[in-house]
Amino acid sequence: MRDIKVLRTAFGILGNVFGVLLFMAPMITFKRIISKRSTEQFSSIPYVIALLNCLLSVWYSLPFVSPDNLLVTIVNSIGAGLEATYVLIFLIFAPKKEKAKICGYLFVVFSIVSCVALISLLAFHGNKRKLLCGFAFTISCIMMYGSPLSVMRLVIKSKSVEYMPFFLSLAVFICSISWFIFALLGKDPFILVPNVIGTLLGAVQLILYGIYRDNRGVVKKDEMNESIETRTGELQDKKLAYNGDA
């Protein structure tokens, strides 16, 4: 029993390390956004959902809700701060319409967290409180791991990994495995289920990166060639029309 507890703590610490790396991975993306002063085609949704997940994770892991989950509290407190910073950067550099959408997303996020917190405190106690907060946490965690699906769809469509950073995908994969083992040893289904899904999605992202990693900028080149061909065709049509009038 003691060995299992030590092993669980070890994987929890490992999960913290890779969890922080996961939260820090988008810094490369946001350095690009700040330097270009534009969010380009990057989506704010993954970061808003990640903020929701961090806040619900912190609440779920508090001692009066779910004991012996201090490591979960620590990593998600750090994550909440970082994700809030990323969302703020989106609010600064996103187009006006996108800013309005982000504000709407944030309203929903804080409404959900407030409702879960108030209901769990006022209406539930003991195991029922843990069940409510656990289900909320699990659903938000699945949403967080599932949010890159839109980016994966863009990768498949464009055959380019320009908008799917490698280190972010790698961090998702390693972090999910660490928390999966942590939850397995602690027999916590609320942490276990979403991290099984996260491991699978992280693996798929790495596979896509391996397939399309050499295609950076290919789409832009194709669009440029298509534009040149179109303009050439227009010039030829005008030349033929001019010769016909002559």
Side-chain angles (χ1 to χ4, degrees), residues 1-26 46-83 109 112-113 116-117 119-121 124-149 152 167-207:
M1 183 67 69
R2 185 178 177 181
D3 291 340
I4 292 176
K5 188 174 182 179
V6 171
L7 192 61
R8 182 174 183 265
T9 302
F11 276 101
I13 294 172
L14 189 64
N16 267 254
V17 173
F18 284 104
V20 172
L21 290 175
L22 171 60
F23 291 129
M24 293 177 65
Y47 306 101
V48 174
I49 294 177
L51 177 60
L52 171 63
N53 176 68
C54 288
L55 293 174
L56 289 175
S57 298
V58 169
W59 187 258
Y60 169 73
S61 60
L62 292 175
F64 58 85
V65 177
S66 175
D68 301 322
N69 277 322
L70 178 61
L71 291 171
V72 178
T73 306
I74 293 172
V75 68
N76 284 286
S77 296
I78 296 171
L82 289 172
E83 297 299 336
V109 166
I112 292 173
V113 174
V116 171
I119 293 173
S120 64
L121 282 177
F124 294 96
H125 301 280
N127 193 52
K128 289 183 179 180
R129 177 184 291 170
K130 182 178 179 179
L131 286 173
L132 172 66
C133 299
F135 275 117
F137 156 70
T138 300
I139 292 170
S140 68
C141 201
I142 291 173
M143 289 173 61
M144 183 186 73
Y145 284 132
S147 58
L149 287 174
M152 291 163 63
F167 289 107
L168 183 60
S169 300
L170 181 63
V172 168
F173 181 69
I174 298 176
C175 183
S176 298
I177 290 178
S178 301
W179 287 116
F180 164 72
I181 298 174
F182 174 86
L184 190 65
L185 294 172
K187 298 179 181 179
D188 191 327
F190 298 116
I191 299 177
L192 178 67
V193 173
N195 282 288
V196 171
I197 297 172
T199 300
L200 293 174
L201 290 176
V204 172
Q205 289 180 50
L206 291 175
I207 291 171

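Shown here is Phe64, whose CZ atom has more than 12 heavy atoms of other residues, nucleotides or ligands within 6.0 Å.
Of all non-hydrogen atoms in Ile191 and Val72, the two that sit nearest each other are CD1-CG2, 4.1 Å. Smallest separation of non-hydrogen atoms from Pro189 and Pro194: O-CD, 4.2 Å. Closest approach of Leu132 to Val116, counting heavy atoms only: CD2-O, 4.3 Å. Closest of all the heavy-atom pairs between Leu62 and Thr73 is N-OG1, 4.2 Å.
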_Leu52/Val48 under side-chain contact (heavy atoms from CB on, under 4.5 Å): CA gap, chis, key distance, verdict_ = CA-CA 6 Å; Leu52 171 63; Val48 174; 5.9 Å; no
*side-chain contact (heavy atoms from CB on, under 4.5 Å) between Phe182 and Ile177: does it pass, once the steps are laid out?*
CA-CA 9 Å; Phe182 174 86; Ile177 290 178; over 6 Å; no
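Side-chain contact between Phe23 and Val75 is present, with at least one heavy-atom pair separated by less than 4.5 Å. Residues Asn69 and Asp188 form a side-chain contact, since some pair of their non-hydrogen atoms from C-beta on lies under 4.5 Å apart. Here the side chains of Cys133 and Ser120 are in contact, with some heavy-atom distance below 4.5 Å. Residues Leu55 and Leu51 meet the side-chain proximity criterion, which asks for heavy atoms closer than 4.5 Å.
Here CG of Leu82 is found 11.0 Å from CG of Asn76. Values are rounded to the nearest 0.5 Å. Considering CG of Asp68 and OG of Ser61, their distance stands at 11.5 Å, rounded to 0.5 Å. Atom NZ of Lys128 sits about 14.5 Å away from atom CD1 of Ile119, to the nearest 0.5 Å. Between the CD1 atom of Ile49 and the CD1 atom of Ile142 there is a distance of 12.0 Å, given to the nearest 0.5 Å.
Panel note: side chain Thr199, backbone Phe173; no donor-acceptor pair is recorded below 3.5 Å. Side chain of Thr138 to backbone of Phe190: a donor-acceptor contact under 3.5 angstrom is found.
In this structure, the side chain to side chain contact (heavy atoms under 4.5 Å, CB included) partners of Leu185, at least two apart in sequence or on a different chain, are Ile4, Leu7, Arg8, Phe11, Ile181. Under the rule for a ring-ring contact (aromatic ring centres under 6.0 Å, His included), the partners of Phe137 that lie at least two apart in sequence or sit in another chain are Tyr60. Under the rule for a side chain to side chain contact (heavy atoms under 4.5 Å, CB included), the partners of Leu192 that lie at least two apart in sequence or sit in another chain are Phe180, Ala183, Leu184, Val196. Not a single ring-ring contact (aromatic ring centres under 6.0 Å, His included) links Phe124 to another residue, sequence neighbours left out.
Applying side-chain contact (heavy atoms from CB on, under 4.5 Å) to Cys175 and the options Leu21, Val20, Leu22 leaves one that passes, Leu22.
Between the side chains of Ser140 and Asn53, at least one donor N or O lies within less than 3.5 Å of an accepting N or O.
A side chain to side chain donor-acceptor pair (under 3.5 Å) check over residues 171-187, counting only residues at least two apart or in different chains, returns the pairs Tyr145-Ser176. Evaluation of the side chain to side chain donor-acceptor pair (under 3.5 Å) test over residues 15-25, restricted to residues two or more places apart or in two chains, returns none.
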